[in-house]
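Have a look at the structure below before the remarks.
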Amino acid sequence: MFLRFSSVARRLALGAGCAVLSLAGALAMVPAHAADARPDAWPEKPMKFVVPYPPGGPLDVMARLLAEEVRDPLGQPTIIENRPGAGGNIGVGAVARSAPDGYTLVMGAVATFAINPWLFDNLPYDPIKDFTPITLVASVPNVLVVSPAFAKAHDIHTLDDLIRYAKANPGKLSYGSGGNGSAGHLAGELLKARSGIDAVHIPYGGAAPAQAALLGDQVHFMFDNLASAAPQIAAKALVPLAVTTTERAASLPDVPTVAQTLPGYDLGTWFGVFVPAGTPEPVVQRLSETYMAALKRPETRERLAQMGSDAQPNTPAEFADMVQKELAKYKEVVELSGTRL
């Protein structure tokens with residue numbers, strides 16, 4: 001480990017002999033990054049906010065929005081760095097190995113912190129041991145959608161209608177998703193298990209091509225992120241049957257929840273801010289207070305609502321408890337799907 005001596009220590013070393021040896025021994029016990037993590041001086045330089053997905057997606061948009069909102073309160077800019085790959089594991093893994101000094105954050109999601117640990121055999125991080133939660137940013141329902149042509153041809157207007165049709169036509173239905181192990185895939189598998197229907201899963205290379213396949217009547221239904229599906233729903237190009245959260249979506253108040261038909265069904269998408277474990281508590285507290293304040297501003301909430309997201313800031317302790325519960329829930333769901341990556 002490299003040692004960082006102050007200029008004062010160097011001067012003492014020239015004329016104080018044994019005293020310096022004692023000082024050096026004490027400094028040897030201090031991590032090399034400690035000089036950059038002094039809570040009373042933090043932040044002294046720009047921060048890096050890693051988004052483990054490509055630019056333009058919901059997490060990227062939210063991260064850039066928050067970077068603007070916290071710039072003035074923290075007195076330093078926040079630079080967005082997109083590090084996609086391996087379902088988000090590359091970017092999150094890189095942050096796990098970063099110095100815990102408050103200068104590197106990551107926008108985590110249900111996939112990277114609750115689903116991937118059960119999907120991947122060699123995950124490059126531990127979602128609990130390697131991170132300290134800062135705050136939940138937002139939750140976004142997934143929505144079960146079908147094409148208007150399919151709905152009209154088979155008189156499908158509700159989830160009950162879809163289930164009845166599937167049971168009368170076993171093995172004839174297919175559903176698309178953004179890939180094996182994606183939230184849409186797991187939502188479909190849970191629907192099959194809870195309702196007793198049979199449907200073939202068709203994985204695509206992302207949610208966008210899966211939605212395109214549904215719009216082209218190549219699959220019969222899919223669970224899409226509400227932020228992605230909302231424009232197509234508004235244009236009447238897709239028909240929403242139910243949302244996957246326990247509460248109805250504010251932007252779709254007339255659309256029921258899956259749980260109203262299948263009690264206990266709850267698979268929403270969420271995003272939140274994390275820092276490496278070991279980040280000084282005063283820094284964690286300041287980050288939490290700053291990001292929570294930004295998420296409570298009416299203008300921020302409105303901008304998130306326009307993306308189909310509900311701002312839901314919480315404390316580090318509350319967020320940590322939530323992540324633990326989500327991990328336990330998705331362990332069961334992933335095992336049910338039988339998917340390993």
Worksheet item: Would Gln285 and Ser288 satisfy side-chain hydrogen bond (donor to acceptor under 3.5 Å, both in side chains), going step by step from the backbone distance to the final call?
Response: CA-CA 5 Å; Gln285 188 63 31; Ser288 174; 5.3 Å; no
Discussion item. Does Ser147 form a side-chain hydrogen bond (donor to acceptor under 3.5 Å, both in side chains) with Asp217? I'd like the steps, not just the answer.
Written reply: CA-CA 7 Å; Ser147 72; Asp217 292 314; 2.7 Å; yes
Discussion item. Set out, in order, the CA-CA distance, both residues' side-chain angles and the distance that settles side chain to side chain contact (heavy atoms under 4.5 Å, CB included) for Ile233 and Val145, then state yes or no.
Written reply: CA-CA 9 Å; Ile233 293 172; Val145 287; 4.1 Å; yes
Worksheet item: Given the rule in the side chain to side chain contact (heavy atoms under 4.5 Å, CB included) test, do Asp126 and Phe131 qualify, once you have shown the distances and angles that lead to the verdict?
Response: CA-CA 8 Å; Asp126 185 305; Phe131 292 94; over 6 Å; no
Practice prompt. Output, in order, the C-alpha distance, side-chain angles, deciding distance and verdict of side chain to side chain contact (heavy atoms under 4.5 Å, CB included) for Lys48 and Val106.
Written response: CA-CA 8 Å; Lys48 179 172 64 177; Val106 65; over 6 Å; no
Worksheet item: How far apart are the C-alpha atoms of Tyr125 and Thr112, what are their side-chain angles, what is the distance that settles it, and do they pass the side chain to side chain contact (heavy atoms under 4.5 Å, CB included) test?
Response: CA-CA 10 Å; Tyr125 59 90; Thr112 51; 3.7 Å; yes
Fill in: Trace of the salt bridge (charged side-chain N to carboxylate O under 4.0 Å, His left out) decision for Arg164 with Asp160
CA-CA 6 Å; Arg164 280 195 295 269; Asp160 281 324; 5.1 Å; no
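The six-membered or imidazole ring of Tyr165 lies near that of Phe150, with a centre-to-centre distance under 6.0 Å. Taking the six-membered ring wherever Trp is involved, the centroid distance between the rings of Tyr175 and His201 falls below 6.0 Å.
At a threshold of 4.5 Å between non-hydrogen side-chain atoms, the residues Tyr330 and Leu119 do not count as touching. Leu105 is listed as a side-chain neighbour of Met47, based on a closest heavy-atom distance under 4.5 Å. Inter-residue side-chain proximity for Val258 and Leu159 is flagged as met; some heavy-atom pair is nearer than 4.5 Å. Contact annotation: the side chain of Ile134 never approaches that of Phe319 to less than 4.5 Å [non-hydrogen atoms, C-beta and beyond]. At a threshold of 4.5 Å between non-hydrogen side-chain atoms, the residues Leu287 and Val275 count as touching. Two residues are said to be in side-chain contact when any heavy atoms from C-beta on lie closer than 4.5 Å; Ile156 and Leu241 meet this criterion. For the pair Tyr265 and Thr257, the minimum side-chain heavy-atom distance is 4.5 Å or more. Within the 4.5 Å cutoff, the side chain of Val219 has heavy atoms near those of the Tyr204 side chain.
Listed here is the closest heavy atom pair of Pro141 and Ala249: CG-CB, 3.9 Å. For Pro203 against Gly179, the heavy-atom pair with the smallest separation is CB-CA, 3.9 Å. Taking all atoms of both residues into account, the shortest heavy-atom contact from Val243 to Val255 is N-CG1, 4.2 Å. Shown here for Gly268 and Asn142, the closest heavy-atom pair between the two residues is C-ND2, 4.5 Å. Residues Thr132 and Gly278 approach most closely at OG1-N, 4.1 Å, considering heavy atoms. Closest approach of Ala99 and Pro276 over heavy atoms only: O-CG, 4.1 Å.
More than 12 heavy atoms of other residues, nucleotides or ligands sit less than 6.0 Å from atom CD of Gln306. More than 12 heavy atoms of other residues, nucleotides or ligands shown are found within 6.0 angstrom of CZ on Arg248. Annotation: Gln218, atom CD; neighbour count of heavy atoms from other residues, nucleotides and ligands within 6.0 Å is above 12. The neighbour count for Asp121 CG, taken as heavy atoms of other residues, nucleotides or ligands under 6.0 Å away, is above 12.
Using a distance-only test at 3.5 Å, with no hydrogens or angles considered, a donor-acceptor pair links the side chain of Lys329 to the main chain of Asp266. In this structure, Lys167 contributes its side chain and Ser195 its backbone to a donor-acceptor pair below 3.5 Å. Remark: the backbone N or O of Arg286 is paired with a side-chain donor or acceptor of Thr290 at under 3.5 angstrom. With hydrogens and angles ignored, the 3.5 Å screen pairs a side-chain donor or acceptor of Asn314 with a backbone N or O of Leu136. When atom types are taken as modelled, the side chain of Trp270 and the backbone of Gly108 share no donor-acceptor pair closer than 3.5 angstrom. The backbone N or O of Thr158 lies less than 3.5 Å from a partner atom in the side chain of Asp161, making a donor-acceptor pair. Put simply, the side chain of Lys331 never gets that close to the backbone of Trp118: no donor and acceptor are under 3.5 Å apart. Side chain of Asn89 to backbone of Leu123: no donor-acceptor contact under 3.5 angstrom is found. A side-chain donor-acceptor contact under 3.5 Å links Arg301 to the backbone of Ala311. Judged by distance alone, with hydrogens and angles left aside, the side-chain atoms of Thr135 form no donor-acceptor pair with the main-chain N or O of Val137 at under 3.5 Å.
Glu69 contributes atom CD, which lies 11.5 Å from atom CG of Leu74 (distance to the nearest 0.5 angstrom). Atoms CG and CG, on Asn169 and Asp198 in that order, are 11.0 Å from each other to the nearest 0.5 Å. The NE2 atom of His220 sits 5.0 Å away from atom OG of Ser174, with the distance rounded to the nearest 0.5 Å. How far CG of Leu191 is from CG of Leu144: 6.5 Å, rounded to the nearest 0.5 Å. A distance of 10.5 Å separates CG of Asp101 from CD of Glu44, quoted to the nearest 0.5 Å. Here CD of Glu189 is found 11.5 Å from CG of Leu267. Values are rounded to the nearest 0.5 Å.
Tyr53 and Asn82 are not linked by any side-chain donor-acceptor pair at a separation below 3.5 angstrom, with hydrogens and angles left out of the test.
Under the 4.5 Å side-chain heavy-atom criterion for Ile, Leu, Val, Met, Phe, Trp and Tyr, Met222 and Val200 are members of the same hydrophobic cluster. Note on Met322: it clusters hydrophobically with Val92, by side-chain heavy-atom contacts below 4.5 Å among ILVMFWY residues. Following chains of ILVMFWY side-chain contacts shorter than 4.5 Å, one can reach Val50 starting from Phe113, so the two form part of one hydrophobic cluster. When the side chains of ILVMFWY residues are joined at heavy-atom separations under 4.5 Å, either directly or via intervening members, Val283 and Phe49 end up in a single hydrophobic cluster. Under a hydrophobic-cluster definition in which Ile, Leu, Val, Met, Phe, Trp and Tyr are linked whenever side-chain heavy atoms come within less than 4.5 Å, directly or via other members, Ile128 and Phe120 are assigned to the same cluster.
Both tests hold for Lys45 against Tyr103: distance to the six-membered ring centre under 6.0 Å, angle to the ring axis within 45°.
In this structure, Phe221 and Phe223 have perpendicular ring planes: the angle between them is above 60°, well past the 30° mark.
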